[in-house]
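Have a look at the structure below, then the notes.
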Amino acid sequence: MANCLGLYVENNIIKYAKVSKEHEKIKVEAFGVKFYDNLEKAIDQIVEETYSYKTPISINLSEEVYNYFDMFSMLSNKDLSKAIKTEFEMYCADQGYNPNVFETRYVVSKNPADKEKLKVIHIAANKIELTKKLQVLEKYKLSDIVPVSMTIANLIETKPKENCLIVNMEENTTVTTILDENIYNINLFDEGSQEFLRKINLKENSMAKSYEICKNTTIYTSEGKDLQENEIGYLEDIMPTLYTIVGNVRKIINESEEKIDKVYLTGTATLINNLDLYFQEYLNEINCEILKPYFINATKDISVQDYIEVNSAISLALSGLGQGVQGINFKKQNFNDKIPDWLKIEVNPGKEKKSKLATSGWFTNDLGEKLDKTEISLLRTVGGLFILFIVYSCFSMLLNNQMDSKEAQAQESISSTTAQIQRVENDKTKIESRTNDYTEMIQNLQDLNDRITDASKTRDAIPNLLDRIMFIIPENVQLTSIKNTTGTHIVIQAQSNKYEQLGMFKAKLDTEMYLTNVISTSGQQENNVIKVTIEGDLP
C-alpha cells in the first residue's frame with residue numbers, strides 16, 4: 001500500500017494530510033492544521049505525529065509564474081519542447097529576466113478555439129526558493145514539489161464536456177479553469193484568506209484564535225435577516241476580501257471562451273459558514289458548491305467539513321501518489337530517489353551505526369551462534385553484490401525502455417517527415433501544372449498582342465502612303481488599285497500611255513524610300529494604255 005504526506009505551507013500555517021492508496025481505494029489516515037513560528041520544528045512535529053519518517057512528502061510550490069503559449073499540434077515532442085523554451089526565453093528578454101534562474105515545467109492541453117493548435121501552460125519557479133524547500137526537508141523523503149493550482153483538480157471527478165472552475169481561497173486565491181476534463185487556465189489573485197486573517201489577528205493577537213473565529217462566522221445573504229450590531233462580528237474584516245474574490249471569479253466566467261457549468265469553492269475561506277450561498281447569490285446562473293473530495297464519506301467521528309479544511313494538502317498527497325497531471329514535479333529525482341525502499345540499508349541510530357541485518361539475531365551459524373565479523377563482512381559483500389546486480393538490471397531495463405521509446409519517436413518523426421515530403425511533392429506537381437497553363441496563356445496573350453500591334457501599324461498604311469505619293473506621282477500615271485496584302489507588303493496597280501512615266505514613278509518610290517524592295521512587272525499594253533504592277537514593303 002502506497003502512502004504520501006501532503007504539506008500545504010503558507011505564512012504561519014501548515015495544512016497536512018497523510019493519504020494512502022491501495023488499488024483504487026483512497027484513505028486519509030491523518031490530517032490537521034498547525035500554526036508555526038519555526039517551520040522546521042513544525043514539520044518535525046507533523047512527521048512525528050503522523051509517523052512519516054520514511055513516507056514520501058509532497059509540498060506545494062510557491063511564488064510560481066504562469067505563462068501561456070499557443071503551439072501547432074503537428075509538432076513532435078522534441079520540437080514542441082524547443083519551441084516552448086524559445087518562447088519563454090523571449091518572455092524573459094522582454095521582462096529583463098535571466099532565464100537561467102528559473103526551473104520550468106509545462107502542461108499541454110487542447111485549444112477549443114483552434115483545433116490545429118495546442119495551449120501550453122508554462123510554469124516557472126525561482127531556483128533559490130526551490131533550494132530553500134529542499135533544505136527545510138532534507139532530513140525527510142521529499143518526493144514532490146508541485147503547484148497546488150494543478151493538484152487541486154485531483155479532488156473532483158470531472159466529466160466529459162463539463163466545464164468548471166475551482167476557486168482555492170488559501171493565503172492567496174488561485175482559480176483553476178477545467179474545460180472538458182483538461183486544465184485550461186490558471187488565474188492568481190493576491191486577495192485571499194491572509195487578508196482577513198491578518199486583520200482579525202491584529203485584534204486578537206493569535207493566528208489560531210483568528211482561524212477559529214472564521215469557523216464560527218456566518219455570512220447572511222441579502223434574503224437573510226437584518227443583522228444586529230452584535231451579530232456583525234468580524235464580517236467587516238472578511239466581506240471586502242470575499243467581494244473582491246467573487247468579482248474576479250465573475251469576470252473569469254464572463255471572459256471564458258466556453259460556458260462554465262459549475263464553480264467549486266475550497267481553501268481557508270470555506271471555514272466561513274454560508275460561503276457557497278454568498279457566491280451563489282452573485283453567480284446565480286451557475287451552480288456553486290463547496291469542494292468535497294470525491295472519495296470521502298462522512299463517519300460518526302469525522303465530518304466531511306473537517307476534510308474540506310485540508311483539501312490543498314490532500315490534493316498534494318494524491319499528486320505524490322501519481323494521481324492527476326504528470327510532469328509538473330519541480331523536485332529533481334536523484335539516484336537515491338530511484339532506488340526502491342526495500343533495497344536501501346537502514347541505519348540503526350544507536351551507539352554505533354550498524355546495519356540491522358548485521359545486529360539481528362536471525363544471522364547465526366549452524367551451531368546457533370551469532371556470526372563473527374568475518375562472516376558478517378562476507379554476508380555484506382554478498383548482499384552488496386546482489387544489490388548491484390538488481391540495480392544493474394533495473395538500469396538495463398530503464399535504458400532498454402528509453403531506447404524503445406526513442407526508436408518509436410524516431411519512427412514517428414520519419415513517418416511525419418515522409419508525409420510532409422509527399423505533400424510537398426503533390427504541391428509541386430500542382431504548381432508545375434498550373435505553371436504550364438499560365439505559360440500557355442501568356443503565349444496566347446503575347447500572340448494576340450503582336451497581332452493587335454501589327455494591325456495597329458498597318459491600319460492607316462494605305463491612306464498615309466497615298467498622302468505621300470500624291471506629291472510624286474507623274475501627271476500621266478493613274479493608280480487603279482493599291483492594296484496591303486500581308487503585313488507591310490503593298491501592291492499597286494498603275495497605268496499610263498507612256499512607259500517612261502511608269503518607270504519614273506517606280507524609281508521615285510524606290511529611291512525616296514516610300515517603299516523598300518520595290519519590284520514591278522514589265523508592263524502590258526492594251527488600247528494604247530500600259531499597265532504595270534508595282535510591289536514593295538513599307539519601311
(Q) Using the side-chain hydrogen bond (donor to acceptor under 3.5 Å, both in side chains) criterion, which residues pair with Q420? Sequence neighbours excluded. (A) none
(Q) With side-chain hydrogen bond (donor to acceptor under 3.5 Å, both in side chains) as the criterion, how do E309 and Y211 come out once you've worked through the C-alpha distance, each side chain's angles and the decisive distance to 0.1 Å? (A) CA-CA 11 Å; E309 190 175 348; Y211 196 82; 3.0 Å; yes
Q: Kindly write out the residues that satisfy ring-ring contact (aromatic ring centres under 6.0 Å, His included) with F31, not counting sequence neighbours, or none if the list is empty.
A: Y307
Q.
Suppose we screen for side-chain contact (heavy atoms from CB on, under 4.5 Å). Which residues come up paired with R198, at least two apart in sequence or across chains?
A. none
Q | N311 versus T266, side-chain donor and acceptor atoms under 3.5 Å | A | yes
Q: Quick one: which residue pairs count as a side chain to side chain donor-acceptor pair (under 3.5 Å) with a foot in residues 36-48, not counting sequence neighbours?
A: D44-K139, D44-Y140
Q) Do E29 and S20 have a side chain donor and acceptor closer than 3.5 Å? A) yes
Q | Sequence neighbours excluded - side chain to side chain donor-acceptor pair (under 3.5 Å) pairs with any residue from residues 389-400 | A | none
Q. For the side-chain contact (heavy atoms from CB on, under 4.5 Å) test, which of D237, L202, N201 pairs with S210?
A. N201
Q | Residues which pass side-chain contact (heavy atoms from CB on, under 4.5 Å) with S206, listed by chain and number, not counting sequence neighbours | A | A208, K209
Expected list for residues 1-10: side-chain donor-acceptor pairs under 3.5 angstrom, two or more places apart:
unit_1, atom_1, unit_2, atom_2, d
Y8, OH, E10, OE1, 3.3
E10, OE1, E171, N, 3.1

Q: Verify the neighbour count for atom NZ of K215: are there more than 12 heavy atoms of other residues, nucleotides or ligands below 6.0 Å?
A: yes
Q: Ignoring hydrogens and angles, state whether a donor on the side chain of K85 or T104 is under 3.5 Å from an acceptor on the partner side chain.
A: no
**Q.** Test: K119 cationic atom under 6.0 Å from Y184 six-membered ring centre, within 45° of axis
**A.** yes
Q.
Considering only residues two or more places apart or on different chains, which pairs with a residue in residues 145-161 satisfy salt bridge (charged side-chain N to carboxylate O under 4.0 Å, His left out)?
A. none
Q | ring pair (Phe, Tyr, Trp, His ring centres under 6.0 Å) partners of residues 244-265, not counting sequence neighbours, each pair once | A | none
Q: Go through the structure and list residues passing side-chain contact (heavy atoms from CB on, under 4.5 Å) with L399, not counting sequence neighbours.
A: Q402
**Q.** Any residue meeting side-chain contact (heavy atoms from CB on, under 4.5 Å) with T174, in chain and number order, not counting sequence neighbours
**A.** S149, N168, L188
For residues 68-81, which side-chain N or O atoms pair as donor and acceptor with protein atoms under 3.5 Å away, sequence neighbours left out?
unit_1, atom_1, unit_2, atom_2, d
Y68, OH, I186, N, 2.8
Y68, OH, I186, O, 2.6
S73, OG, E116, O, 3.1
S76, OG, D79, N, 3.3
S76, OG, D79, OD2, 3.2

